[in-house]
Structures are given as C-alpha cells and as structure tokens.
Amino acid sequence: MYEMHVGIAPPDGTLVWHIAAKDRATALCGQTLHKEPSTDRDNTDRHCVSCMSSFQELLDQRA
C-alpha cells in the first residue's frame, strides 16, 4: 500500500505531494519525508513528477 505525503521538492523548496510505501520515511523519488504542518498540506495541488513516474512503473509491473 502507498500513501501521499506533502514534502519539499528540490531544488526550489516548493511543496508537492510525494508517494511513499506505507510506514516508510522516504518517498519513491528518494526524498526524505517530514511532517509538514496541515496548513501547508492544504496549500498545494502539485505532485512530484519522479514519484508519479515511479508509481506508474510499479503499477505497470503488476499488470
């Protein structure tokens, strides 16, 4: 199972949604996840392109 987490997107530091396996401290892109304040989670609809690509590859492998 996978979960969505808000985190920093290098190099500009904007907040994006990352994908991580449940109970992991690292997103699929390798970014370390931190607990971001809930107000910050509400302020982004951007997604990490690397996480999304990795997740799509995982789904394709299962098909």
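Only a predicted model underlies this, so the values are computations on that prediction, with no experimental measurement involved. FYI, the numbering just counts along the sequence from 1.
When the shell of 6.0 Å around CG of Asp45 is examined, it contains 12 or fewer heavy atoms from other residues, nucleotides or ligands.
For the atom pair OG of Ser53 and CD of Gln56, the computed distance is 8.5 Å after rounding to the nearest 0.5 Å. Here Tyr2 contributes atom OH and Ser54 contributes atom OG; the two are 9.5 Å apart, rounded to the nearest 0.5 Å. Distance check: His18 NE2 to Arg46 CZ gives 10.5 Å after rounding to the nearest 0.5 Å. Expressed to the nearest 0.5 Å, how far NZ of Lys22 lies from CZ of Arg24 amounts to 13.0 Å. In this structure, NE2 on His5 lies 10.0 Å from SG on Cys51, to the nearest 0.5 angstrom.
Without hydrogens or angle criteria, Thr32 side chain to Thr26 main chain gives no donor-acceptor distance under 3.5 Å.
Under the 4.5 Å side-chain criterion, counting only non-hydrogen atoms from C-beta, Val6 is not in contact with Leu33.
Both Trp17 and Ile8 belong to a single network of hydrophobic side chains, linked directly or stepwise wherever heavy atoms of I, L, V, M, F, W or Y lie under 4.5 Å apart. Linking Ile, Leu, Val, Met, Phe, Trp and Tyr whenever their side-chain heavy atoms come within less than 4.5 Å leaves Val16 and Met4 in two separate clusters. Hydrophobic clustering, with ILVMFWY side chains joined whenever heavy atoms are under 4.5 angstrom apart, keeps Val49 apart from Leu28.
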Let's go through Met52 and Ile19 carefully: what are the C-alpha distance in whole Å and the side-chain angles of both, what is the deciding distance for side chain to side chain contact (heavy atoms under 4.5 Å, CB included) to 0.1 Å, and is it a yes or a no? CA-CA 7 Å; Met52 297 302 286; Ile19 302 173; 3.6 Å; yes
